[in-house]
Amino acid sequence: MNDQLREATLKRAQQVLRDEADALLRLADRIGEPFHAAVEAILACKGRVVLTGMGKHGIVARKIAATLASTGTPAFYMHPAEGAHGDLGMISSDDLVIAVSNSGNTDEVLGCIPYFKRNHNLLIAMTGRLDSELARHADIVLDIGVEREVCPLNLAPTTSTTVALAMGDALAVVLLERRGFNAEDFALRHPSGTLGKRLLLKVADLIKPDRNPMISQDARFEEAIEEITSKQCGAVSVVDAEGRLVGIITDGDLRRIFQREARQGTRTVAEVLNRPVSALMTRNPMFVSKETLAAKALNMMEDGPRKIFVLPVVDDAKRPIGMLHLHDLVSAGV
């Protein structure tokens with residue numbers, strides 16, 4: 001019995017998805033001149049796109065507004081019932097309205113139409129009834145009709161909301177492409193998201209002026225160790241007489257240097273500590289500028305022949321101004 005119930009459950013779920021997919025394919029076949037007219041009207045709009053709708057289609061309208069706003073088309077959602085109690089005042093004469101209603105006869109939505117007309121707002125209807133009051137008053141009508149809901153009672157908005165949401169996505173995608181909207185534009189609207197951090201965050205946002213370990217190439221190795229220890233950055237930049245970066249010594253270098261000297265057995269610890277930094281440093285190290293994207297700095301650390309954990313940050317004259325550590329990038333969510 002349990003196996004039969006499981007089989008029936010999965011079969012029904014698959015059928016629901018196939019039925020909704022079929023409805024989307026039928027919607028694609030109906031896309032035509034009204035859709036093109038809607039796109040052109042939105043592109044020509046000098047104000048914002050106002051989405052409105054009640055119930056489940058109101059939730060869809062809210063999502064469409066959010067998608068448009070995040071992809072280059074200024075938009076917001078207005079609840080039609082609240083509109084009748086003052087929120088219509090948020091809509092300027094430069095705005096365009098998209099009303100989403102499957103029946104096209106939703107009282108709260110229809111009640112806002114006189115204001116749209118007096119305010120000279122172009123009205124786009126997304127409706128499943130082309131003979132409805134909403135369609136009759138609209139300047140452009142987008143047909144989102146479905147043959148029936150996947151709800152067995154043909155009552156709960158299911159297929160109709162899927163189709164309405166897909167129509168909104170189609171508008172948003174075409175509009176973002178027509179506007180030349182790119183990944184950096186998207187990141188500007190999502191500064192707290194992963195993409196925003198990868199495309200907007202720069203090395204300058206992560207380094208601290210007091211964390212700039214630096215030593216002359218003529219200094220003793222012992223002084224380099226002291227600088228690494230005091231600044232706690234895991235490395236020290238080595239500079240020439242003009243203050244330009246010529247080398248680096250890292251925590252890992254310290255261990256390797258002492259291991260090498262111990263194996264060779266030719267110098268005492270005191271002699272190693274007194275050696276000039278120039279004889280022990282890694283020459284011509286990788287570095288970044290403060291304008292380098294944090295994501296690029298991370299790639300430099302990870303993509304080399306040997307993974308590194310620190311990068312000197314230099315100015316235009318190649319003078320060190322900070323030290324970037326892998327932990328800084330991880331902490332920032334890059």
Side-chain angles (χ1 to χ4, degrees), residues 184 187 196-264 266-334:
E184 186 169 354
K197 290 176 180 178
R198 291 189 65 84
L199 294 181
L200 297 179
L201 200 65
K202 295 183 178 181
V203 168
D205 300 317
L206 301 177
I207 61 172
K208 300 176 182 179
D210 60 339
R211 296 184 63 200
N212 186 25
M214 186 167 46
I215 197 168
S216 168
Q217 63 182 343
D218 298 325
R220 295 180 301 115
F221 184 49
E222 183 176 14
E223 297 174 73
I225 296 175
E226 292 173 352
E227 183 72 355
I228 292 174
T229 303
S230 64
K231 295 296 173 60
Q232 297 183 345
C233 291
V236 59
S237 298
V238 183
V239 298
D240 61 16
E242 284 74 37
R244 294 171 300 196
L245 179 71
V246 292
I248 190 172
I249 295 179
T250 68
D251 277 338
D253 292 332
L254 300 183
R255 292 188 293 273
R256 285 186 288 272
I257 289 168
F258 278 113
Q259 286 173 349
R260 184 179 68 233
E261 296 295 337
R263 284 195 300 268
Q264 293 175 350
T266 57
R267 295 186 180 88
T268 65
V269 172
E271 289 174 333
V272 174
L273 293 176
N274 279 315
R275 293 192 70 187
V277 169
S278 59
L280 301 170
M281 67 184 184
T282 299
R283 296 182 179 275
N284 302 315
M286 296 174 63
F287 60 87
V288 291
S289 75
K290 65 179 182 179
E291 295 302 315
T292 302
L293 288 175
K296 181 178 179 181
L298 178 62
N299 290 337
M300 292 173 64
M301 290 180 174
E302 294 181 335
D303 293 346
R306 187 177 68 186
K307 189 172 182 178
I308 60 177
F309 294 89
V310 288
L311 281 173
V313 184
V314 302
D315 62 15
D316 293 340
K318 205 180 174 182
R319 294 186 296 261
I321 59 174
M323 186 72 72
L324 181 68
H325 197 284
L326 179 62
H327 291 163
D328 300 324
L329 297 165
V330 173
S331 298
V334 179

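Worth knowing before you read on, the calculation uses all heavy atoms, side chains too, and leaves out hydrogens, waters and symmetry mates.
Distance check: Met300 CE to Leu293 CG gives 12.0 Å after rounding to the nearest 0.5 Å. Note that CD of Glu226 is 5.0 Å distant from CD of Glu222, once rounded to the nearest 0.5 Å. Here the CD atom belonging to Glu227 is positioned 9.5 Å from the OG1 atom belonging to Thr229, to the nearest 0.5 angstrom. How far NZ of Lys318 is from OG of Ser237: 11.0 Å, rounded to the nearest 0.5 Å. Going from atom CG of Leu245 over to atom CG of Asp315 covers 10.5 Å, rounded to the nearest 0.5 Å. How far CD1 of Ile207 is from CE of Met323: 10.5 Å, rounded to the nearest 0.5 Å.
Proximity of Arg275 to Glu271: side-chain heavy atoms (C-beta onward) are nowhere separated by under 4.5 Å. For the pair Val246/Met281, a side-chain contact is recorded, criterion being any heavy-atom separation below 4.5 Å from C-beta on. Between Arg283 and Ser278, some side-chain heavy-atom pair lies under the 4.5 Å cut-off. Between Val310 and Cys233 there is no side-chain heavy-atom pair separated by less than 4.5 Å. Between Thr268 and Leu273 the shortest side-chain heavy-atom distance does not fall below 4.5 Å. Between Thr250 and Phe309, every side-chain heavy-atom pair lies at or beyond the 4.5 Å cut-off. Contact of the Leu311 side chain with the Met286 side chain is registered, since non-hydrogen atoms from C-beta on lie closer than 4.5 Å. A 4.5 Å side-chain heavy-atom check between Leu324 and Met301 finds at least one atom pair inside the cut-off.
Residue Arg211 comes nearest to Lys231 through the heavy atom pair NE-O, 4.4 Å, listed as atom of the first residue, atom of the second, then distance. When all heavy atoms are compared, the tightest approach of Pro285 to Ile248 is CB-CG2, 3.5 Å. Taking each heavy atom of Val203 and Ala297 in turn, the nearest pair found is CG2-CB, 4.1 Å.
Each of Ile225, Ile215, Thr282, Leu254 was compared with Ile249 under the side-chain contact (heavy atoms from CB on, under 4.5 Å) criterion, and only Leu254 meets it.
Under 4.0 Å is where a charged nitrogen must lie from a carboxylate oxygen, and between Asp205 and Lys202 no such pair does.
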Next item on the list: Please test Arg260 against Leu280 for side-chain contact (heavy atoms from CB on, under 4.5 Å), starting from the C-alpha separation and ending with a verdict.
Entry: CA-CA 11 Å; Arg260 184 179 68 233; Leu280 301 170; 3.7 Å; yes
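Few gaps surround CG on Asp210; more than 12 heavy atoms of other groups in view lie less than 6.0 Å from it.
Between the Asp240 side chain and the Gln217 main chain, no donor and acceptor come within less than 3.5 Å of each other.
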